[in-house]
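Computed from a predicted model, the values in this text were never measured in an experiment.
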Amino acid sequence: MKKHSLLNENYAKINQISAKCMRIFVIVLLMVYIYAWFFSKLDHALLTIVFGLSIFVAIIPTIVINIFKFDSSPITKHIVILCISIICTTMLSVFCTYAFPIMLFPILVASLYYNQTLVLYTSLLMTLGILISNTISVKYNDVLVGCYSGDLYDTYFMYTIPHIVIMFFMSIVAYFIVSRNSKMMKTAINIAETMQNNQKGLIYSFAEISESKSKYTGEHIKRVAEYMRILGRASGFDEDYVEMLCTASMMHDIGKLMINEEILDKPSKLTDEEYEIMKNHVLYGEALLEKCPGELMHLACVLAKEHHERWDGSGYLGMKGEEISYISRLMAVCDVFDALTSERYYKKGWTPEETFNEIIKLSGKSFDPKVVRLFIQNFDQFKAVHNKIPDKQVY
């Protein structure tokens with residue numbers, strides 16, 4: 001997981017929260033509209049136009065974030081703040097002193113983003129909004145509610161300047177809070193990234209040990225991880241989950257550490273007794289990993305246990321169809337593709353095309369037909385990985 005990916009994910013989540021806040025704000029606007037309809041002296045037509053436009057603007061972030069899926073776009077947060085500022089300026093213009101507390105709402109939302117520049121941008125927008133709303137209030141004080149009396153100069157001196165000072169003070173407070181939280185978040189992301197890289201390195205080293213015991217080269221686990229990356233993306237998983245899946249797949253044969261080398265490296269066919277012992281490596285793998293904490297190790301445990309299961313129930317543990325986890329069904333195709341195309345001291349490797357035909361032939365038997373379709377669609381990428389990461393040495 002890269003720092004940039006983590007930051008983008010964080011911004012996407014905050015954008016989702018902001019859109020939800022705006023949907024709640026729509027409900028608040030509707031309640032205020034109903035109250036103003038019955039208890040204020042505002043013209044009902046003007047009231048309907050003002051609140052209709054405000055509600056439309058409040059829905060824009062939801063349209064941008066949830067419908068058009070721009071939740072990770074850098075410009076989205078600016079759209080959110082702009083929409084809030086427009087609504088707050090409108091409410092300040094129409095309800096004047098009664099709406100004074102609302103001018104702090106944009107600063108609160110901007111503070112969610114851990115971005116000092118955004119706080120300053122919001123402060124400038126709301127300062128402009130205060131100037132515009134107070135000017136409108138003075139000019140149309142005969143039709144608005146709670147408007148300022150006197151001329152424009154008196155209004156600026158008595159109301160506008162104090163409002164701007166309060167806005168400036170709150171912006172400074174928000175700026176330093178956001179600055180502090182931003183540093184803490186970046187520190188936490190750096191620590192998380194370092195820990196994940198260390199964990200990935202340890203997993204790779206541990207997986208290499210298990211592969212070297214059976215005289216495979218480390219390229220096997222590299223290729224399988226890349227094959228899982230291809231099918232994980234094709235399945236629609238997000239990049240963070242795909243990265244975890246790739247790392248976890250390296251541990252699929254960890255249970256072989258518990259199998260005698262004479263069985264692992266036997267060039268001839270295994271006896272029934274030896275085959276039963278070999279099959280136990282999936283249970284050994286599960287036992288080694290099942291108590292390890294974290295989602296990554298849970299995925300590794302599932303793959304270690306189920307990677308030899310077959311769609312028709314003919315696998316090591318007899319699991320069948322949907323009983324087998326989806327990621328293990330992906331793993332089955334990746335593992336068999338690499339096993340068949342790899343040359344070992346006891347066999348020649350098949351060509352990718354021969355393996356392609358074999359996997360298609362076993363669709364609905366050994367493999368989930370849906371996964372086989374994904375494999376077919378991405379076969380060229382499988383071939384590219386196969387050619388890019390050849391075995392360095394065959395014993």
Do we see a donor-acceptor contact under 3.5 Å between the side chains of [X] and [Y]?
| X | Y | result |
| --- | --- | --- |
| S93 | T90 | no |
| Y33 | T48 | yes |
| T160 | N134 | yes |
| Y316 | N280 | no |
| R373 | N378 | no |
| N260 | E274 | no |
| D335 | H308 | no |

Q) Is there side-chain contact between C83 and I79, with heavy atoms separated by less than 4.5 Å? A) yes
(Q) Within the structure provided, determine whether F70 and N15 are in side-chain contact (heavy-atom separation under 4.5 Å). (A) no
Q: Establish whether L257 and L303 are linked, either directly or via other cluster members, by ILVMFWY side-chain heavy-atom contacts under 4.5 Å.
A: yes
Q) Is NZ or CZ of K77 both nearer than 6.0 Å to the six-membered ring centre of Y11 and within 45° of the ring axis? A) yes
Q) Aromatic ring centroids of H281 and H307 under 6.0 Å? A) yes
Q. Any chance the rings of Y227 and F375 have centres within less than 6.0 Å?
A. no
For the residue pair [X] and [Y], what are the closest heavy atoms and their distance?
| X | Y | result |
| --- | --- | --- |
| I254 | G285 | CG2-CA, 3.8 Å |
| L118 | N115 | N-OD1, 3.0 Å |
| T127 | M167 | OG1-CG, 4.2 Å |
| I107 | A174 | CG2-CB, 3.6 Å |
| A332 | F367 | O-CE2, 3.7 Å |
| L299 | A248 | CB-CB, 3.8 Å |

Check this for me: does any side-chain nitrogen of one of [X] and [Y] sit under 4.0 Å from a carboxylate oxygen of the other?
| X | Y | answer |
| --- | --- | --- |
| R329 | E309 | no |
| E226 | R229 | yes |
| K320 | E323 | no |
| D312 | K365 | no |

Please work out which of the three classes, parallel, tilted or perpendicular, describes the rings of [Y] and [X], given edges at 30° and 60°.
| X | Y | result |
| --- | --- | --- |
| H386 | F337 | perpendicular |
| H78 | Y121 | perpendicular |
| F356 | F379 | tilted |

(Q) Just verifying a value: how many Å separate H252 NE2 and C334 SG, rounded to the nearest 0.5 Å? (A) 9.5 Å
